[in-house]
Protein chains: 2
Amino acid sequence: MQRMQVTGLELFYRNGYYNTSIDDILKELSLSKGAFYYHFESKEDFFIQIIENLLVRKMYSMLIEPIEGHENTLDLITQCFEEALETAVHNEFDFGFVLSNFISEFNGKNETIMKHLNDILRIWEVNLVSAVQRGKFNGYIDRHVDSEGVAVYLMSSYIGVRTLMVETAPSARKYRFMSQLRQYFKSLEPKTTTV
Amino acid sequence: MQRMQVTGLELFYRNGYYNTSIDDILKELSLSKGAFYYHFESKEDFFIQIIENLLVRKMYSMLIEPIEGHENTLDLITQCFEEALETAVHNEFDFGFVLSNFISEFNGKNETIMKHLNDILRIWEVNLVSAVQRGKFNGYIDRHVDSEGVAVYLMSSYIGVRTLMVETAPSARKYRFMSQLRQYFKSLEPKTTTV
DNA sequence: TTTGTATGAGACCAATCGGTCGGTTTAACC
DNA sequence: GGTTAAACCGACCGATTGGTCTCATACAAA
């Protein structure tokens with residue numbers, strides 16, 4: 001059952017949800033339809049369980065927990081993005097950002113699943129916002145900065161660069177992205193001109 | 001035939017390529033299979049023609065031509081993004097950024113189509129790079145700025161925010177995004193401290 | 001050994017897919 | 001009116017889809 005979910009996520013990620021048949025997954029595992037429908041109600045139910053069990057965990061470990069510390073927020077985020085992108089660069093079978101790929105696929109087609117995906121997005125956003133607020137409180141970020149704005153901008157750029165890194169020069173694009181991210185972050189630091 | 005392409009793009013955009021059957025398109029137009037396969041070799045050929053005829057044109061008119069002038073580059077890009085996002089906000093049937101949606105869908109599945117999509121991406125990138133270079137030449141952008149880096153960062157953030165604007169508070173997210181974009185642009189302006 | 005239950009196998013189903021093909025309509029030209 | 005070719009119709013095909021159903025196996029408790 002755990003194996004089914006892991007393999008399911010792999011194939012759904014690689015080929016998309018609608019373009020991956022249950023038979024594909026079962027063939028990979030040498031299992032039968034009977035085994036599948038004994039454990040899961042439907043393909044949709046199967047996918048939702050994958051989201052809840054695997055995708056959420058992955059998001060936490062890669063993009064949320066790494067920025068939870070009390071050190072310099074901007075450094076934490078920089079390092080977090082750096083590592084996440086580096087993982088993608090070295091992944092031979094990278095097909096973009098899992099979450100945003102699924103959002104693109106289900107948007108306007110399956111409201112139930114979209115709700116689950118948006119939940120994850122919101123968790124990410126909330127954590128980014130409070131990280132920025134922490135940074136302001138600790139004096140690493142100028143206190144006039146709009147925390148929600150920074151969060152949206154960070155999520156946007158990350159989602160986008162992961163799409164751009166698909167297939168065309170991922171390493172170069174990662175490098176350029178990170179260097180501009182640092183440039184942007186510099187503009188968020190407290191104005192030293194303030195007395 | 002033109003009608004077929006327009007309707008085809010509409011449905012492919014709304015439901016995805018693999019999730020839209022030829023019958024769906026023909027039903028919408030009250031046409032038959034015969035009519036379709038008289039004009040197009042296959043579903044793939046049909047889609048590629050749509051890309052070449054409609055998608056490329058759309059990209060040019062919305063994201064490339066508006067930034068081609070010789071005024072302040074950063075202003076041009078700001079206004080261009082502003083208008084593109086505003087269009088999305090007011091579009092009742094917005095399903096994200098057409099180009100990046102298709103990239104997500106075809107990535108790793110159809111190399112032929114991916115080549116066409118990447119072509120469009122590269123055209124966009126080239127135009128952004130030369131816009132930034134123009135800005136440096138005209139004194140609107142600091143000459144130490146990395147043009148390619150800015151281009152990648154701009155494309156990333158645009159692609160990402162279009163994904164984020166899907167379904168959840170598009171207007172608020174657009175506003176926050178634009179305001180952070182301006183913040184970022186400010187950091188690209190020439191350092192007045194230079195004598 | 002018998003029974004009960006958890007787990008799985010795989011034939012089967014209706015619906016749908018992209019694509020084919022023989023035939024019909026339409027309209028322009030001689 | 002006859003000819004031709006572009007445009008279109010729709011029945012049909014084999015393959016595949018998500019899902020159901022019946023039946024087989026495994027193993028622990030009685």
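What you see is a predicted model; the values in this text were computed from it and never measured. We use all heavy atoms of the structure for the numbers below, so side chains are in, but hydrogens, waters and symmetry mates are not. Just so it is clear: chains get the letters A, B, ... in the order the sequence lines come, proteins before strands, and each one is counted from 1.
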Student check: side-chain heavy atoms of I123(B) and M59(B) closer than 4.5 Å: no

Those residues that, when tested against D94(B), pass salt bridge (charged side-chain N to carboxylate O under 4.0 Å, His left out) (two or more places apart): R162(B)

Pair I120(B)-V56(B), side chain to side chain contact (heavy atoms under 4.5 Å, CB included): steps then yes or no: CA-CA 7 Å; I120(B) 301 183; V56(B) 169; 3.8 Å; yes

No-hydrogen, no-angle side-chain donor-acceptor test under 3.5 Å, S187(A) and K186(B): no

Q79(B) atom CD, over 12 foreign heavy atoms within 6.0 Å: no

F106(B): ring-ring contact (aromatic ring centres under 6.0 Å, His included) partners, not counting sequence neighbours: Y17(B), Y18(B), F47(B)

Close N/O contacts between protein and nucleotides 22-27 of chain D (under 3.5 Å):
none

Side-chain touch T163(B)/F97(B), heavy atoms, less than 4.5 angstrom: no

Under 4.0 Å protein heavy-atom contacts per nucleotide of nucleotides 14-19 of chain D, with B for base, S for backbone only and - for none: ---SBB

Heavy-atom contact window of chain A on DNA chain C, given 5' to 3' at under 4.0 Å: dA6(C) to dG10(C)

Residues forming a ring-ring contact (aromatic ring centres under 6.0 Å, His included) with Y13(A), sequence neighbours excluded: F95(A)

L164(A) side, atom CG; L121(B) side, atom CG - distance, nearest 0.5 Å: 5.5 Å

Pairs flagged by salt bridge (Lys or Arg N to Asp or Glu O under 4.0 Å) wherever residues 1-15 of chain B is involved - sequence neighbours left out: none

Set of side chain to side chain donor-acceptor pair (under 3.5 Å) partners for E82(B), sequence neighbours left out: K174(B)

CG-CG distance between L117(A) and N101(A), expressed to the nearest 0.5 angstrom: 11.0 Å

Reading 5' to 3' through nucleotides 3-8 of chain D, protein heavy-atom contacts under 4.0 Å coded B for base, S for sugar-phosphate only, - for none: ---SBS

Set of residues satisfying side chain to side chain donor-acceptor pair (under 3.5 Å) with respect to E52(A), sequence neighbours excluded: H116(A)

Partner of F81(A) under ring-ring contact (aromatic ring centres under 6.0 Å, His included), chosen from F185(A), Y184(A), Y158(A): Y158(A)

Results of side chain to side chain donor-acceptor pair (under 3.5 Å) for Y175(A) - residues two or more places apart only: none

Sorted by number, the residues of residues 103-116 of chain B with heavy-atom contact under 4.0 Å to DNA chain C: none

